[in-house]
Amino acid sequence: MLPLASAALLINPAWRRDAIEGGLALSDAASSILFNGSRLAPVFSDRDVTAFERYPLNSYLTHDPEIDLAEWRLEVSGLVRNSGAFTLDDIRALPRVRQNTRHICIEGWDVIGSFGGVRLRDVLMAIGVDQHARFVEFGCADDYYESIDMAAARHPQSLLCDEMYGRPLTREHGAPLRLVLPTKLGYKQAKYLTSLRVTNVLGPKRGYWVDLGYSWHGGL
Amino acid sequence: MHDRRDHHPAVVRVCHWTIALALAVVIPSGLEVFAAFPSFGDKIPQIDLIVPPSALRLGGWLGGALQWHVTFAWLLTMAMASYIGYQAITRNGRQVLFVTRDIGGVCPMVRHYLFLGPKPAIAEIYNPLQKMAYSAVVLLALLGILTGFALYKPVHLSWLVDAMGGFRMVRVWHFAATCGVLAFIPGHLVMVALHGWRNFASMWTGSHEAHGKE
């Protein structure tokens, strides 16, 4: 009988792990298929934005990986025409966007932040991304890492963000450059970015929290 | 004897135990998820409501709990969809569907269970109180599933989030639905215990008859 069979599946620890990790992977696959790239996350007026002092700080190792901002570069590699090191001015030359969007943490809390930067899809265009590439991997100064699907990377609200609340990113919020992805959970939105790599094959390091057990897709 | 032998059709029995198993996983794993942020308010300042005791939680940590929760939420969704679909299409669900003419029968039945009144004459297989309880728990489970999807995909289902009063209210509704289902379970178990082994066995075998009949 089906219910007894599923209960029996849970008795063996190895089957149990396969079952629940498989369940999450299936859910991620469904999330990727059903993701609608033209569906915009809700945007809010300045009145609704959470006060800057009440915007939570979550870090992996440290609030400040002590980046030398003058020497900072974004290392671009992988399936792109223009690989190499990009300065903040190179990135800031792209059309600027400001948006007030909700940041949802996997823990269950949410805040509405004010973010400024450039669209990730404009960056991908500028670096001559392979039109058929599937994933974008990000590395960070604090050794955090993440990877996202190309559909989310091309979403019009996905930003490489260098400003919060109209001011340059502070160190604890990820200076000089962080991801803002209103269609993904908070842990996907890496801070202190140092590298961007376009690939068709994800390596064993898919994301710091993802490798510990969170959903890779993390899509909202 | 046909109607008694088919007391619980196979689809209903499979769905019943699948739903029971799924609830036994999604509720404790949901408590572990809730423990990560046991509040319905702001993150700063954070005011914790109630931190579920670790003995009632499943998953060990937030990530482990979400693996359990998501996997068995799909099982619950599929079993609930099969149950409701079957009950609606075969019209078998009519015997447990609470309708307006049952309202008057609820209070006499409650009085009887509290030893305050005589046993009302019951014309149907299920009495009005049972029908109310079974219909309510199905609605509560549906609310739990609906709010669960809204929390899982609040951008894609932003219309649903708005209809339920915003993201934080969806968490409240999700929690309320869980409390409602939890309130049903002890009463259900007591009634099953009072009705004896054959009644319990019928949810496995389908029949109220003694074993061995062809």
Side-chain angles (χ1 to χ4, degrees), chain A residues 1-7 9-10 16-28 30-31 34-36 39-42 50-51 53-58 101-112 155 157 181-185 187 209-215 217-220, chain B residues 10 13-22 24-25 29 33-46 58-75 78-79 82 150-159 161-162 166-168 170-171 174-175 203-204:
Chain A
M1 211 162 155
L2 180 72
L4 282 177
S6 6
L9 189 73
L10 303 178
R16 191 163 63 208
R17 199 187 53 241
D18 288 350
I20 61 175
E21 287 180 359
L24 195 71
L26 272 178
S27 205
D28 271 10
S31 299
L34 296 174
F35 180 80
N36 177 352
R39 179 155 197 105
L40 296 182
T50 307
E53 310 74 56
R54 292 170 58 215
Y55 193 100
L57 284 173
N58 268 24
T101 48
R102 177 176 274 130
H103 175 104
I104 297 177
C105 178
I106 190 167
E107 292 174 348
W109 52 264
D110 68 297
V111 283
I112 294 164
H155 188 275
Q157 290 170 312
L181 308 169
T183 62
K184 299 241 184 234
L185 286 165
Y187 66 90
W209 286 108
V210 176
D211 292 343
L212 292 174
Y214 283 180
S215 147
H217 190 268
L220 298 172
Chain B
R13 282 176 277 147
V14 170
C15 289
H16 173 269
W17 292 111
T18 307
I19 290 165
L21 174 75
V25 171
S29 59
V33 174
F34 187 66
F37 180 61
S39 168
F40 296 112
D42 292 328
K43 175 63 179 170
I44 301 177
Q46 178 174 337
L58 172 71
W61 70 295
L62 176 59
L66 281 166
Q67 292 179 341
W68 284 104
H69 201 72
V70 167
T71 302
F72 282 80
W74 282 111
L75 191 68
M78 288 186 289
S82 309
L151 290 173
Y152 186 52
K153 299 291 168 197
V155 168
H156 282 71
L157 301 174
S158 56
W159 55 273
V161 172
D162 291 342
F167 183 75
R168 292 182 188 184
V170 182
R171 288 184 82 230
H174 195 61
F175 205 79
M203 195 43 103
W204 292 100

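Here is the naming used below: chain letters follow the sequence lines, and residue numbers restart at 1 for every chain.
No part of D162(B) comes within reach of chain A, as not one of its non-hydrogen atoms sits under 4.5 angstrom from that chain. With a 4.5 angstrom heavy-atom cutoff, R16(A) touches chain B only via side-chain atoms. Of the atoms belonging to L40(A), it is backbone heavy atoms, and not side-chain ones, that fall under 4.5 Å from chain B. When heavy atoms are compared at a cutoff of 4.5 Å, Y55(A) approaches chain B solely by way of its backbone atoms N, CA, C and O. Contacts of P42(A) with chain B are made by side-chain atoms alone, with heavy-atom separations under 4.5 Å and no backbone atom involved. Using a 4.5 Å cut-off between heavy atoms, F40(B) makes no contact with chain A at all. For A51(A), no part lies under 4.5 angstrom from a heavy atom of chain B. Heavy atoms of W74(B) lying under 4.5 Å from chain A belong exclusively to its side chain.
Atom-to-atom distance recorded for I44(B):CD1 and L57(A):CG is 7.0 Å, nearest 0.5 angstrom. If you take CZ on F167(B) and CD1 on I112(A), they are separated by 11.0 Å, rounding to the nearest 0.5 Å. R171(B) CZ to W109(A) CH2: the interatomic distance, rounded to the nearest 0.5 Å, is 11.5 Å. Here the CG atom belonging to L66(B) is positioned 5.0 Å from the CD1 atom belonging to I106(A), to the nearest 0.5 angstrom.
Your options are S31(A), G22(A), P182(A), and the one with the most heavy-atom pairs under 4.5 Å with chain B is S31(A).
Smallest separation of non-hydrogen atoms from G213(A) and Q67(B): O-NE2, 3.2 Å. For Y152(B) against S27(A), the heavy-atom pair with the smallest separation is OH-OG, 2.8 Å. Residues I20(A) and F72(B) share a closest heavy-atom pair of CG2-CE1, 4.2 Å. The shortest non-hydrogen separation linking K153(B) to G219(A) is NZ-O, 2.8 Å. Of all heavy-atom pairs spanning R39(A) and V155(B), the tightest one is NE-O, 3.1 Å. Among all heavy-atom pairs drawn from P154(B) and I104(A), the shortest one is CG-CD1, 3.7 Å.
Looking at heavy atoms from C-beta onward, L34(A) lies out of side-chain contact with H156(B) at the 4.5 angstrom threshold.
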